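Here's the structure we're looking at; comments come further down.
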Amino acid sequence: MCVSGLRSARFRAWVLLLALGAHPAAAAQQPTTEQPGAAERSDVLLRAMRDELVRSTDTLQLEDLERPYFIEYAVVDRQSTVIEATFGATVNSEQAHTRSLRVDVRVGSHELDSSEFVAGRSFLRFGRSPRDLVRDDDYGALRHDLWLATDAAYKEALEQLAQKRAFLQNRVQNEPVPDFSVEAAAVLVEPPVEPAFDAEAWQGTVRRLSGVFRDFPAIDDSSVTLRVERGHKYLVNSDGSVVRQPASLAVLRARAAIRAPDGMPLKHFVPFHERAVADLPAEAELEAAVRSMASELTALAAAPVLGDYLGPVLVTGQASAEFFAQLLGDELSGHRPPLIEDERMATMMPSRNLANRLNRRVLPPSFEVVDDPTQASFAGETLIGSYAADDQGVRSEPVTLIERGILRTLLMSRRPRREIPQSNGHGRAGTSGPATARPGNLLVRAEGGQSAAALKAALIGMARDAGIDYGVLVSVLDDPSVTGSELSGRSSIFDLMGGGGSPSQLTSPILSYKVYVEDGREELVRGIGFRDVSVRSLRDIVASGEDHYVNNRFVESGGGGLLRGLGAGLNGKDLPVAVVAPSVLFEELEIERVGGPQQAPILLEHPYFRQVRP
Amino acid sequence: MVMNRLTRSLVLALVAIVGSCFLAAEHARPQGPESSPLLRAMEEELRRSMNELGANADPSPYFMSYSVTETERTRLAASYGALRSSTSRHSRLLDVEVRVGDYQLDNTHELRDAMPFARLGDLSGPVAFPLEDDIDAIKSVLWLHTDRKYKAAAERLVKVKTNQAVTVDEEDASADFSRESPEVAIGPLASVAIDAEPWRERLKEYSALLDSHPEIHESDVTLTTVATNKYLVNSEGARVQHGTVQVRVGLYAGTSADDGMELYRYESFDAHSPDRLPGEDGVREAVNRMAVDLLALREAPAIEPYTGPAILSGRAAAVFFHEIFGHRIEGHRQKSEREGQTFTKKIGERILPEFLSVYSDPTRKQAGGTDLAGHYRIDDEGVRARPVTVVENGVLRNFLMSRSPVEGFARSNGHGRRQPGLAPVGRQSNLIVESSQPVSESKLRELLVEEIERQGKEFGLWFTDISGGFTSTGRVRPQVFQVTPIMVYRVYADGRPDELVRGADLIGTPLVSFSGIIATGSAREVFNGFCGAESGIVPVSGVAPAILTAQIEIQKKPKGADRPPLLPRPERGGR
């Protein structure tokens, strides 16, 4: 009785602040922030969320069972457009306006609550999300949807907590780690943005861009996809957080596939990942990029196979940023997996991170890694992983993860771990499933960066010292979140199950070159993959560049159970993240021939090129 | 499996596909019934592929087909007087079929003893296809996927031949693919237009009617319109282009009883064009009836397990027949060695009472003024739809055949159906049950009471509406069915008034259920819904008179663990 009374009091306190139309903290830190009171008057959705939250927090109780100690509503309200074209024609055009709802109702206490427990057969239900809210700005109807979702979530939470307590009763627990951290509330209501988007004009652009491949007879398969999301993320919770922030994205990608004369399948891509459609380059620039990608792929098919290699490797540009993203991105997450009742299932959900290497060296001493979601751009380029508050209503902050090569902390959501008890504003959720600790803008910096020429000279020098004729330079690495497992808009059941190989493996290079010792010439090669590369390999970096590459990419949002990413439309990888890194030189990496099973050439001539050929 | 309204989560997916009918002339696009540029491009590329693969590839294909399913779909949904969603989508999906081997034995032959996953075959799904009639783009997509399909077919034929060599002879030695005379039918293309704004308002108004009852806490009122144009060419010379329009108004309302049992009503109106939907008063009446039913269900006692006589209303009987009968006369089930094959050896034998005949007739557009969702003119293998007499005066005569022959049935009868991306199999269309000895409804009740007394029971059951069901036809699991009635009344022998009960699942085994049919009513009713099976979800209809059966079995529906919502409904109108 007493506890709930306190909660209500705190609650009313911020409601009152809202009504007065000013929150001192918010006003001070975010000068662009709209006054919450005014926002509420004009924003029916926010008002409905707030009012139903207050009512549920104050009065929701099943008989004499525990009342919720925490309730949170997160809504992503957005209009999505997807346009896909192949070989000059549109193959897909979709528009949708959705208001997806995530409800978190917790019973118990911060020390032990109903969250993060997978009871025996509830695996498929884990992360189940309630249905979308009504689209109309109808206050009563919105509250109605929220009411039913809260009711269902509360009852499920009671059941979960009972099962979790029963499970824990039979286990010895040394120093139990709390389930949920106590955090300061964030009140951050950003002004609404209504970016203009001319879908019809863009459909023409996408179609024309896909038509570029009519000039490349060797390419079998290609597609260009544009995905534009316009809208806002809303969050209210019983700690007093009120957040409204823009959640827009513009994703334009061209992908293509080819077969080398020996049957080796090869692919290439060019991504433009921006926050707003207005930030995408002009059509002429897009076309030039697609054309250059298609030329590179055509050249790649004719390039020789490198074969096995052991020696120095210079990783530049996109490849370097992708290296850090793939090797470090996941492992810097301090996510602690849920308790899983079924042991066999538990082994299916491995947790990989660097927690056991805290305060130890993971990179050379010249390196520093900071994750900074507060930064909207880097040297004039957009960072798509930026946000003011995370998906648990925690204000974002720059976090120094690696200092002088030593790992200092991990990315944290509100799920504490023994070593790190608080969130650092990295609880992020995707289209479905709960928020988990994920990167925002991962910035890799190194002191003493060298020029591109110096790095190349160093590569050649190291090759010479090793007694080999050439070193290897890698400039583009495959990003499966872009290329997928298939091109041409197919989706198989395997994609839906979130396949795509183990996250710890580094994807194959797309563009790589032999750099000859004798004259420094660069020769394009194909069919290579790294062998035995892991986060440990990063300690073997011997030099870094003065350059930087901004790699805006998408990662899996984590959580959501077996069917996560279903319908997310981005191969299940729906969380925008930026990784910025300089070029890096490795003293020794092992490379082997890859390229999958050789495919027989396509038996018939391409109907278009057969006809246009002189 | 047939479903009208299975669960809340399923319905969103299911309602997306509604009944089908040949297009009325006024909806035709102005171009008239000529081959579209798309069809011509498909034809040209097919001819080239067949010729060149025939000359250069080993094994060469003996059959190829291209089919494109084009849909323009709009869906509006409203709840509690507000617009929930509004979506529209235009898509064209390509299916390429390549067969190597010969009609007798080809790459599609069932692999015996294979791992379950390997048996599933091609899971690559349908291919997104150019939406514009850009011939070069169209041909390039056809070319790429022809190559993929050809290679997959050639590889599988090797497996089939190895499998044949190492396993014992099969029971049914019929061919893998039937020979059919090629269908050439160029129909007008379909389109459908609705005035979205007034429809939004109507749907909101209907959902607001449900919302006026505070006990009803869930509602979804939807309008779905789909114009489908199918294009098919094959190497035997078939050339088909035809369009259909499907329109559905779906009404859903849900509540829960005080003990937590979830209760719902679902009503739908299917039509072949928007102007054939009921008027606003007709829909309002249905909405109000649903509300009255639901409120009555909340107060009704929960049913106890029961075995005894019952009347199934026409709609209930239609679902009952679809599940326990319809799925067992699908042609391919007579051949697959994993199927239970209830009727495979029963051709010419009596399997139903003499007064019953059953037809599957996809060519029927309407029954008693209601449009039938299972109507089509040409099936998904390009074979002209034909009416099939399945049971004549109680005697089994025929199966629902795709181009996959079974012993004694070498040809298709136009029942090869699928959703894009899956291989067609013999499926139901409009399943029509007819009785040669109809009795009036009052007579049917008298007969029920007689049967109750004969069996010494206190009461019998009367099922007036049913939401859907499922059945298992395999060998491994028991052959059972289950259908989910919504409105069930106890009919007392002593003349007490009928009493509504809730929470019944109708279960049983098929053969027992057939033998118990005593009499039928005279009025026929229509059930329009969707049927899901191995070739995907297709629209179907059932038409049947009420049926009196001596023995049905009822189990209690598993009760939801949840209680009704704890807090009262939020206030309307808002601030």
Side-chain angles (χ1 to χ4, degrees), chain A residues 44 47-48 51-52 55-56 59-62 84 86-98 131-136 138-148 150-152 154-155 159 207 210 214 220-221 486 488-494 600 602-608 611, chain B residues 8-9 12 44-45 48-49 52-53 56-57 78-92 123-134 136-147 150-151 204 211 217-218 561-567 569-575:
Chain A
V44 175
R47 189 151 53 85
D51 290 353
E52 193 55 25
R55 178 170 85 125
S56 301
T59 57
L60 188 59
Q61 184 171 23
L62 176 57
E84 182 177 2
T86 192
F87 214 66
T90 316
V91 295
N92 187 19
S93 171
E94 284 177 66
Q95 276 107 45
H97 181 178
T98 53
R131 72 169 169 180
D132 288 357
L133 298 181
V134 293
R135 203 192 97 163
D136 267 357
D138 181 313
Y139 174 81
L142 287 164
R143 280 194 63 177
H144 193 111
D145 276 340
L146 291 163
W147 164 57
L148 290 178
T150 313
D151 189 79
Y154 171 54
K155 288 165 183 166
E159 205 175 315
R207 208 167 44 215
S210 77
R214 293 189 181 204
D220 300 338
D221 193 4
E486 280 286 346
S488 73
R490 285 149 54 108
S491 69
S492 76
I493 191 163
F494 304 104
I602 294 193
L603 295 162
L604 303 183
E605 276 186 279
H606 192 292
Y608 177 77
Q611 162 202 323
Chain B
R8 187 187 72 195
S9 54
L12 299 175
E44 285 166 14
E45 189 59 21
R48 177 179 86 105
S49 301
E52 293 187 12
L53 286 173
N56 306 319
S79 304
Y80 345 115
L83 188 68
R84 172 168 297 285
S85 64
S86 162
T87 54
S88 59
R89 186 173 182 191
H90 179 201
S91 71
R92 276 182 181 171
L123 289 174
S124 55
V127 175
F129 197 73
L131 300 173
E132 293 107 11
D133 286 340
D134 178 325
D136 293 324
I138 285 171
K139 287 188 175 177
S140 88
V141 175
L142 290 170
W143 164 79
L144 183 68
H145 293 280
T146 300
D147 191 74
Y150 168 75
K151 283 172 181 156
K204 282 158 75 164
D211 204 48
H217 49 72
E218 278 189 294
D562 288 347
R563 295 148 189 271
L566 301 166
L567 297 181
R569 190 174 87 152
E571 279 165 46
R572 283 298 177 264
R575 311 158 322 141

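Keep in mind that this is a model prediction, so the values were computed, not measured. Numbers restart at 1 for each chain; the letters A, B, ... are given by sequence-line order, proteins then strands. Values below: all heavy atoms of this structure, side chains included; hydrogens, waters and symmetry mates excluded.
Formation of a donor-acceptor pair under 3.5 Å by the A/Asp151 side chain with backbone atoms of B/Leu566 is found in this model. Counting only distance, with no hydrogens or angles, the side chain of B/Arg84 and the backbone of A/Asp132 share a donor-acceptor pair below 3.5 Å. No side-chain donor-acceptor contact under 3.5 Å links A/Glu94 to the backbone of B/Arg89. With A/Lys155 contributing its side chain and B/Arg563 its backbone, the two residues share a donor-acceptor pair below 3.5 Å. Of the possible donor and acceptor atoms, none in the side chain of B/His217 sits under 3.5 Å from a partner among the backbone N and O of A/Leu148.
Interface remark: B/Ser91 contributes no atoms to any contact with chain A (heavy atom separation under 4.5 Å). A/Ser56 touches chain B through backbone and side chain together, each having a heavy atom under 4.5 Å away. The part of A/Leu133 that comes within reach of chain B is its backbone (N, CA, C, O), which places non-hydrogen atoms under 4.5 angstrom from that chain. Neither the backbone nor the side chain of B/Ile138 comes within contact range of chain A, judged by heavy atoms closer than 4.5 Å. Only the side chain of A/Glu52 has a heavy atom closer than 4.5 Å to any heavy atom of chain B.
Considering only heavy atoms from C-beta on, B/Pro570 comes within 4.5 Å of A/Arg55 through its side chain. Counting heavy atoms from C-beta outward, B/Tyr80 and A/Asp145 have side chains that approach closer than 4.5 Å. Counting heavy atoms from C-beta on, the side chains of B/Leu567 and A/Leu60 come closer than 4.5 Å. With contacts defined as side-chain heavy-atom distances shorter than 4.5 Å, the pair A/Pro607/B/Arg48 qualifies. Side-chain contact check for B/Lys139 versus A/Tyr608: every heavy-atom pair is 4.5 Å or farther apart. Looking at heavy atoms from C-beta onward, A/Asp220 lies in side-chain contact with B/Leu144 at the 4.5 angstrom threshold. No side-chain heavy atom of B/Pro130 sits less than 4.5 Å from a side-chain heavy atom of A/Thr90. Contact of the B/Lys204 side chain with the A/Asp136 side chain is registered, since non-hydrogen atoms from C-beta on lie closer than 4.5 Å.
Between B/Trp143 and A/His606, the two ring planes are tilted [angle within 30° to 60°].
Closest non-hydrogen pair, A/Ala600 versus B/Lys151, comes out as O-NZ, 3.0 Å. Listed here is the closest heavy atom pair of B/Ala137 and A/Arg214: N-NH2, 3.7 Å. Contact detail for B/Leu131 and A/Asn92: the closest heavy-atom pair is CD1-N, 4.0 Å.
Of the charged side-chain nitrogens involved, none lies within less than 4.0 Å of a carboxylate oxygen, so that A/Arg143 and B/Glu571 do not count as a salt-bridged pair.
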